[in-house]
There are 2 protein chains.
Amino acid sequence: MGRPRAFDEGHVIRAAAELFAAHGYEGTSIDDLVNGLGVHRGSLYKVFGSKRGLYVSALRTHVEEQVGPLAAALAASGDLAQALASAAASYDSGPAAGLLLLAAVERAPHDPEIAELVADAFQALDQALADFAPPELAPALTATVLGARIRKHPVPVAHLARYIRPTGD
Amino acid sequence: MGRPRAFDEGHVIRAAAELFAAHGYEGTSIDDLVNGLGVHRGSLYKVFGSKRGLYVSALRTHVEEQVGPLAAALAASGDLAQALASAAASYDSGPAAGLLLLAAVERAPHDPEIAELVADAFQALDQALADFAPPELAPALTATVLGARIRKHPVPVAHLARYIRPTGD
DNA sequence: CGCTTTTAAGAACGATCGTTCTTGACCGAC
DNA sequence: GTCGGTCAAGAACGATCGTTCTTAAAAGCG
């Protein structure tokens, strides 16, 4: 009963993730979202409660739909070189790529819930990489993958594998 | 002639860098700057022209006073382990640390001048690291150092050196 | 058809945004 | 001492911020 929705919630969340990834949380206004998403102001507040609510939904969905599958792909790799290559390729692409990175540096320091989402995503990457390198190296390798995403030109992280001795020292 | 300034420009720039590093460009308002810096609104606009002008000054000073000396310290290291250790230690500390990182993900995509500042700083780190590892690995190692700064808990990047075979393949 | 419920539309709210202006305080030079 | 010039103080600008409100439109159900 009642008037049906004229928009798909998942589609809206993904489009919002793009906007937040492109301009950051503070740099994206409600008007930007209303115009870019084609969803009415009141509907956004009805469904997500606030700008922050929409942001959290966007980040959570980004982690689930982009970072999660990436971690799974890493775990299915044959060796470290393949894992690093697919990590770089997969994380470089995707319209909302960089949302996790932006969330980590912009919002996580001031928002514990976002900090937890970010930490969980990073830990998932750690675990996926820990199978192909000495375990104490996993956080550094995750840092490499994340840091590579920052630079303008692609960073050949996969080459790193050729210089790292196999698992177990 | 004329009334002398009641503030030190360098000190103001460094304090502004702290604020921008903590809350980002969009997340730091002119009122935040006026309150946190103790400098009058009109004086800020007289000296720096605009909020962006102050931000560019802060980023440039941060690169010159923090990142530059770090690159010099790297170049003076004995081996890769020492270089990575000092990179992690030096870049982790400092009140404005992270400003470069935040500038790279938040402003560089939308501001060519900032993008150039960021790219130059990254390249300086690349060159400093290229002396201790295979040259094609330098960007990846810079990415590791940058990525490590993102995570909440310190990342032991220096351990990476123990697994990397010496320069020249 | 009427009633109920949910969404869409858009004006409107006070607060804050970056920026500018006006006024008076301060200092060196004459 | 007073004049010229720079800075400090703070009110004020229009624009935009996130959020809320009022009203109309669209569906299922009796």
Side-chain angles (χ1 to χ4, degrees), chain A residues 1-60 99 102-103 106-107 110-114, chain B residues 1-60 99 102-103 106-107 110-114:
Chain A
M1 38 180 151
R3 179 174 173 172
R5 251 172 218 172
F7 61 91
D8 174 63
E9 190 172 321
H11 184 276
V12 162
I13 289 179
R14 259 167 252 128
E18 277 191 57
L19 288 177
F20 282 128
H23 303 100
Y25 178 76
E26 304 277 3
T28 306
S29 71
I30 296 290
D31 280 346
D32 291 337
L33 293 164
V34 167
N35 293 334
L37 272 49
V39 174
H40 190 76
R41 200 177 306 270
S43 301
L44 284 185
Y45 277 89
K46 174 101 67 179
V47 175
F48 301 104
S50 67
K51 179 187 176 183
R52 180 183 172 279
L54 175 54
Y55 184 80
V56 171
S57 293
L59 178 59
R60 196 182 300 273
L99 181 57
L102 203 34
E106 185 194 10
R107 297 306 309 157
H110 309 290
D111 193 319
E113 184 179 0
I114 292 178
Chain B
M1 38 183 151
R3 179 173 174 175
R5 241 167 230 175
F7 61 91
D8 174 63
E9 189 171 322
H11 185 277
V12 163
I13 289 179
R14 260 166 250 126
E18 278 190 56
L19 287 178
F20 282 128
H23 303 99
Y25 178 77
E26 303 277 3
T28 306
S29 71
I30 296 288
D31 280 345
D32 292 338
L33 293 165
V34 168
N35 293 334
L37 272 47
V39 174
H40 188 75
R41 200 178 306 270
S43 301
L44 284 184
Y45 276 89
K46 174 102 67 179
V47 176
F48 301 104
S50 67
K51 179 187 176 182
R52 180 183 172 279
L54 175 55
Y55 183 80
V56 171
S57 293
L59 178 59
R60 196 181 300 272
L99 180 57
L102 203 34
E106 184 195 10
R107 297 306 310 157
H110 309 290
D111 193 320
E113 184 179 358
I114 293 178

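Lettering of chains follows the sequences in order, A, B, ..., and the numbering in each one begins at 1.
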Q: Indicate yes or no: at least one non-hydrogen side-chain atom of B:Lys51 is less than 4.5 angstrom from one of B:Phe20.
A: yes

Please set out all donor-acceptor pairs under 3.5 angstrom arising from side-chain atoms of residues 7-15 of chain B, sequence neighbours excluded.
residue, atom, partner, partner atom, Å
B:Asp8, OD2, B:Gly10, N, 3.4
B:Asp8, OD2, B:His11, N, 2.9
B:Glu9, OE1, B:Arg5, NH1, 3.3
B:Arg14, NE, B:Glu65, OE1, 3.1

Q. Atom CG of A:Leu33 to atom C1' of D:dT16: distance rounded to whole Å?
A. 14 Å

Q: Measure the distance from OH on B:Tyr45 to C1' on C:dT22 and round it to the nearest whole Å.
A: 17 Å

Q. Which one, D:dC17, D:dA26, D:dT19, comes nearest to the side chain of A:Arg3?
A. D:dA26

Q | A:His40 vs A:Glu26, nearer the 5' end of DNA chain D by closest nucleotide | A | A:Glu26

Q.
Show me the pairs that pass salt bridge (charged side-chain N to carboxylate O under 4.0 Å, His left out) and involve residues 28-39 of chain B, at least two apart or across chains.
A. B:Asp31-B:Arg41

Q | DNA chain D: 5'-proximal contact among A:Gly49 and A:Asp32 (nearest heavy atom) | A | A:Asp32

Q | side-chain N/O B:Ser29 vs C:dC17 OP1/OP2, d < 4.0 Å | A | yes

Q. To the side chain of A:Pro4, which of D:dG18, D:dA26, D:dC7 is closest?
A. D:dA26

Q.
In the structure I gave you, are the side-chain heavy atoms of A:Ile114 and A:Tyr55 within less than 4.5 Å of one another anywhere?
A. yes

Q. Is there side-chain contact between B:Tyr25 and B:Arg52, with at least one heavy-atom pair below 4.5 Å?
A. yes

**Q.** Whole-Å gap separating C1' (D:dC13) and CZ (B:Arg41)
**A.** 12 Å

Q. Between A:Lys51 (NZ) and C:dC17 (P), how many Å, whole number?
A. 12 Å

Q. How long is the line joining CG of A:Asp31 and C1' of D:dT19, in whole Å?
A. 11 Å

Q: Would you indicate which nucleotide in D:dC7, D:dC17, C:dT19 comes nearest to any side-chain atom of B:Ser50?
A: C:dT19

Q.
If I take atom NZ in residue A:Lys46 and atom P in nucleotide D:dG18, what distance separates them, rounded to the nearest angstrom?
A. 21 Å

Q: Please state how far atom CG in B:Leu44 lies from atom C1' in C:dG18, giving the value in whole angstrom units.
A: 12 Å

Q.
Nearest to the side chain of A:Ala6, heavy atoms from C-beta on, is which of D:dA8, C:dA8, C:dT19?
A. C:dA8

(Q) Without decimals, in angstroms, what is the distance between B:Phe48 CZ and C:dG18 P? (A) 16 Å

